[in-house]
Protein chains: 2
Amino acid sequence: MARVQKNNGGDRLERLMKIEEVARACGLTKRTVRYYEEIGLIPPPERSEGGIRLYTQAHIDRLNKMLNAREVLGFSLQELQQHLAMRDELEAYRKSPPPPGAEAEVRTKLTEVDRLIAEHLALTERKMEGIRELQAELRGIRERIRKRLVQLEDA
Amino acid sequence: MARVQKNNGGDRLERLMKIEEVARACGLTKRTVRYYEEIGLIPPPERSEGGIRLYTQAHIDRLNKMLNAREVLGFSLQELQQHLAMRDELEAYRKSPPPPGAEAEVRTKLTEVDRLIAEHLALTERKMEGIRELQAELRGIRERIRKRLVQLEDA
DNA sequence: CCTAACCTTTACGTCAACGTTAAGTTTAGG
DNA sequence: CCTAAACTTAACGTTGACGTAAAGGTTAGG
């Protein structure tokens, strides 16, 4: 009873993976991957007839991008959700033709998203600055240590 | 009964601040500042005779540096504690003369700390890389939005 | 067809990092 | 001296982000 489209020669090489592989590829646990789906952070993937989650490489790529954004910006999963929702809505605009008549609305939306992007970019700049500060301090400490080591060596 | 050294002309301008001012200066709540002390993240400050915490600017500076390191490296408070303990132990070596005879031990310690610093620096580099990736993606999205806006403008 | 290895849902558990009363003490200003 | 505003400790509550265990279904290989 399980004729998952294991390899329908038509579709391009769309390898289907079960959850464990995805988890490994993203450095997460299976529980965490399911949890992310549960809270709507990632879209529910296809299922086998038996109900087993089947992912593609696209899912992995997306997840990894998310995780990077999360780590970099220090976003909570909720904030990340916002970020993604926005990104997806945008993608939707690209796919489906903008319903004629609602152009003004679309423009408003786009402008709004543009502002958000700018905000996030600003955030990355601040992060950069923070990193540089920390680096400066770390290098300072390292210098002092090295001097100290040399002193010990001489004595 | 409260003659805190409110302003003993001898000490240089060591303004003493109560917890609220510190909290504001660091963007924390009073509870959080006490909590950080509770878990040993910051050293217990002086107290007034009535038991009120009295901080100096040095406390604020230290706290802010910590918070930056935390944000940048994504450290937990525990990890941050390690980082600080190390930094302080190092400072102690600078103050007190190295007990003669224990030079080998000191050298080992210094080398170890040096390695840790290098590790942290490496971490900052990876963070930088992550940020650049995210920036690239954000800029990509922005570009697409702008093109889209221009299209709408033309129509 | 069998079975071990993997998958599923459900639900309770946990841990860090604080938030939030509560009940009492100190302190600065009038 | 008195009082409101800010401080104190103590203790329980909350939230996010999963961990873990139970009980059972699916799947691939022999």
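Look at A:Arg47 and you'll find a side-chain N or O under 4.0 angstrom from OP1 or OP2 of C:dT9. When the side-chain nitrogen and oxygen atoms of B:Lys30 are compared with OP1 and OP2 of D:dA6, none of them lie within a distance under 4.0 Å.
A donor and an acceptor atom, one from each side chain of B:Gln151 and B:Arg148, are located under 3.5 Å apart.
Side chain of A:Gln81 to main chain of A:Ile39: a donor-acceptor pair is present (N/O by atom type, distance under 3.5 Å, no hydrogens or angles).
The line from CG of A:Leu73 to CG of A:Leu123 is 5.5 Å long, rounded to the nearest 0.5 Å. The CE atom of A:Met86 lies 11.0 Å from the CD atom of A:Glu91; values are rounded to the nearest 0.5 Å.
Computed from coordinates, the B:Arg24 CZ to D:dA6 C1' distance equals 12 Å when rounded to whole Å. The distance between atom CZ of A:Arg34 and atom P of C:dT10, rounded to the nearest whole Å, is 12 Å. Taking atom NZ of residue A:Lys18 and atom P of nucleotide D:dT26, one finds them 13 Å apart after rounding to whole Å. Taking atom CD on A:Glu49 and atom C1' on D:dT27, their separation rounds to 13 Å, with Å as the unit. Here the C1' atom of nucleotide D:dT26 and the CG atom of A:Leu54 are 12 Å apart, to the nearest Å. B:Glu46 places its CD atom 17 Å from the C1' atom of D:dT8, with the value rounded to the nearest Å.
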Report each atom pair, protein N/O against N/O of nucleotides 13-19 of chain D, whose distance is under 3.5 angstrom.
residue: D:dA17; atom: OP1; partner: A:Leu77; partner atom: N; Å: 3.0
residue: D:dC18; atom: OP2; partner: A:Tyr36; partner atom: OH; Å: 2.7
residue: D:dG19; atom: OP2; partner: A:Thr29; partner atom: OG1; Å: 2.8
residue: D:dG19; atom: OP2; partner: A:Thr32; partner atom: OG1; Å: 3.3
residue: D:dG19; atom: N7; partner: A:Arg31; partner atom: NE; Å: 3.1
residue: D:dG19; atom: O6; partner: A:Arg31; partner atom: NH2; Å: 2.9

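For B:Glu20, the listed nucleotide lying nearest its side chain is D:dC7; candidates were C:dT27, D:dT27, D:dC7. The side chain of B:Arg53 sits closest to D:dT9 out of C:dT27, C:dT9, D:dT9.
Of the residues near DNA chain C, B:Ile52 and A:Ile52, the one whose nearest nucleotide (by heavy atom distance) lies more toward the 5' end is A:Ile52.
A side chain to side chain donor-acceptor pair (under 3.5 Å) check over residues 110-119 of chain A, counting only residues at least two apart or in different chains, returns the pairs A:Asp114-B:Arg146, A:Arg115-A:Glu119. Counting only residues at least two apart or on different chains, the salt bridge (Lys or Arg N to Asp or Glu O under 4.0 Å) pairs with a member in residues 16-28 of chain A are A:Arg15-A:Glu21, A:Glu20-A:Lys30.
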